[in-house]
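Below is one structure, written out as structure tokens; comments come after it.
All chains are named by letter (A, B, ...) in the order of the sequence lines, taking the proteins before the strands, and each is independently numbered beginning at 1. From a predicted model like this one, the values you see are computed outputs, not experimental measurements.
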Protein chains: 2
Amino acid sequence: MKNEENTVVCEEKSATRFSACLLFSANALARAITAIGDEEFGRFGLCYSHAYMLCEVVAQPGITPSELSETLYLTPSTITRLVEKLEQKHYVRRESEGKRTLIYATAEGDAIQPEIAQAWERVGTRYSEVIGKNDVCQLTQQVFKAAKSLGKTS
Amino acid sequence: MKNEENTVVCEEKSATRFSACLLFSANALARAITAIGDEEFGRFGLCYSHAYMLCEVVAQPGITPSELSETLYLTPSTITRLVEKLEQKHYVRRESEGKRTLIYATAEGDAIQPEIAQAWERVGTRYSEVIGKNDVCQLTQQVFKAAKSLGKTS
DNA sequence: TAATGATATTTGTATGTGCAAACAAAAATG
DNA sequence: CATTTTTGTTTGCACATACAAATATCATTA
């Protein structure tokens with residue numbers, strides 16, 4: 001037991017000059033929560049965005065990159081990269097149709113769906129335990145609403 | 001005008017199966033708001049984390065990487081990389097003292113402080129306009145609180 | 001004081017993400 | 001029908017970030 005430990009208790013990770021800034025706080029939250037997500041989804045070799053994308057592809061066979069871009073709030077180029085990764089792992093396949101690209105889940109992609117759902121639940125449980133179940137609901141809604149508003153303008 | 005367009009109007013960028021997930025929403029918000037930040041701070045060649053770090057160095061001359069790591073909620077290795085960037089731009093300098101490293105702002109680093117402050121304000125103004133000034137305050141507090149809670153456990 | 005453990009910092013490496021440009025295909029226009 | 005413009009997708013490149021391992025220094029203990 002050192003002094004440091006004791007003195008730190010008083011101000012343990014308290015507000016900094018940045019905590020009042022949403023730019024700062026939003027990124028801090030995203031990093032912290034992504035760490036949980038990647039840990040859970042990482043158990044079967046995916047990061048959270050891969051998993052979410054695969055979910056969407058399974059739910060909407062033949063979905064296009066641009067549609068995924070809107071759903072996942074990610075840039076088209078990022079979508080291409082994620083699809084490549086999933087293709088490489090044999091979870092999805094691409095089909096060219098004119099200027100569009102249709103994306104389908106493979107059998108393997110369908111097969112790990114339950115595992116993804118479980119990981120998803122565990123993620124939710126874990127951050128709910130820390131943040132508090134009631135707060136999470138409200139917070140999530142507000143965060144999403146803000147993200148949506150900002151997303152439309154840029 | 002296609003059917004798609006019309007049906008989409010009802011749910012334009014509305015909730016997806018992911019919007020109820022804080023992992024998803026938090027990242028979406030962080031990306032959207034970082035885009036604003038990097039645009040404003042980018043006017044003078046910095047990204048938002050560089051700018052914030054420089055602020056902290058100016059405010060606390062001789063601050064160490066580990067202290068910065070705690071304040072900025074970033075990994076020590078990331079801090080090293082950011083410091084390298086700022087050093088390269090001649091905004092800070094490093095001083096080795098035993099196993100620690102002390103970081104000081106240069107004259108140039110001090111000089112652009114007002115510009116950073118202005119950009120910071122513009123960022124705040126911009127997202128406040130979109131999200132709503134009242135909501136921002138509350139949202140920021142909640143987001144930071146959540147980030148802090150999650151940060152402690154991991 | 002020599003050896004072992006703890007702490008601070010830095011590198012090697014990998015990855016998700018975005019911007020701008022390239023490309024391909026469709027639509028609109030003359 | 002040819003040309004131009006728009007739309008969808010993919011690359012080239014850059015960058016912030018993290019993890020794990022390597023260093024370097026300090027602290028502790030035998």
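- Between B/Y48 and D/dT17, a side-chain N or O to OP1/OP2 separation shorter than 4.0 Å is present.
- Interatomic distance, OG1 of B/T140 versus CD of A/Q142, reported as 10.5 Å (0.5 Å rounding).
- In this structure, A/L102 CG and A/T64 OG1 are separated by 7.5 Å, a value rounded to the nearest 0.5 Å.
- Only A/C47, listed by number, bring a heavy atom of residues 37-47 of chain A to less than 4.0 angstrom from any atom of DNA chain C.
- When all heavy atoms are compared, the tightest approach of B/L54 to B/A105 is CD1-CB, 4.5 Å.
- Here D/dA16 presents its P atom at 14 Å from CG of B/L54, a figure rounded to the nearest Å.
- Listed here is the closest heavy atom pair of B/V58 and B/G109: CG2-O, 4.3 Å.
- Atom CG in B/L72 sits roughly 14 Å away from atom P in D/dA16 (whole-Å rounding).
- The stretch residues 98-127 of chain A participates, sequence neighbours left out, in these ring-ring contact (aromatic ring centres under 6.0 Å, His included) pairs: A/Y52-A/W120, A/W120-B/F18.
- Atom CZ of A/F24 is separated from atom P of D/dT17 by 11 Å (rounded to the nearest Å).
- Minimum heavy-atom separation, A/A111 to A/P114: O-CD, 3.1 Å.
- Here A/H50 reaches the OP1 or OP2 of C/dG16: one of its side-chain N or O atoms lies under 4.0 Å away.
- Atom CD in A/E70 sits roughly 13 Å away from atom C1' in D/dT7 (whole-Å rounding).
- Within residues 93-102 of chain B, the residues that have a heavy atom under 4.0 Å from DNA chain C are, in order of number, B/R94, B/K99, B/R100, B/T101.
- As a whole-Å value, the separation of B/L29 CG from C/dT17 P is 15 Å.
- Within the 4.0 Å cut-off from OP1 or OP2 of D/dT17, at least one side-chain nitrogen or oxygen of B/S49 is found.
- Within residues 118-127 of chain A, no residue places a heavy atom under 4.0 Å from DNA chain D.
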For B/V83 and B/T101, what are the C-alpha separation, side-chain angles and deciding distance, and is it a side-chain contact (heavy atoms from CB on, under 4.5 Å)? CA-CA 11 Å; B/V83 172; B/T101 299; over 6 Å; no
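- Listed by residue number, the members of residues 76-90 of chain A with any heavy atom below 4.0 angstrom from DNA chain D are A/P76, A/S77, A/T80, A/R81, A/E84.
- The distance from atom OH of B/Y73 to atom C1' of D/dA18 is 18 Å, rounded to the nearest whole Å.
- Taking NZ of A/K145 as the reference point, atom CG of B/L139 lies at 9.5 Å (rounded to 0.5 Å).
- Rounded to whole angstrom, the span from the CD1 atom of A/I33 across to the C1' atom of D/dT17 amounts to 17 Å.
- Distance CG (A/N27) to P (C/dT17): 13 Å, rounded to an integer number of Å.
- Among all heavy-atom pairs drawn from A/L29 and B/A146, the shortest one is CD1-CB, 3.9 Å.
- The CG atom of B/L150 sits 9.5 Å away from atom CZ of A/R126, with the distance rounded to the nearest 0.5 Å.
- Evaluation of the side chain to side chain contact (heavy atoms under 4.5 Å, CB included) rule for B/E108 yields B/H90, B/Y91, B/T106 as partners, not counting sequence neighbours.
- Nearest heavy-atom pair, A/L23 versus B/T34, reported as atom, atom and distance to 0.1 Å: CD1-CA, 3.7 Å.
- Side chains of B/Q60 and B/E56: a donor-acceptor N/O pair is present below 3.5 angstrom, by distance only.
- In terms of heavy atoms, B/S25 sits closest to A/A147 at O-CB, 4.3 Å.
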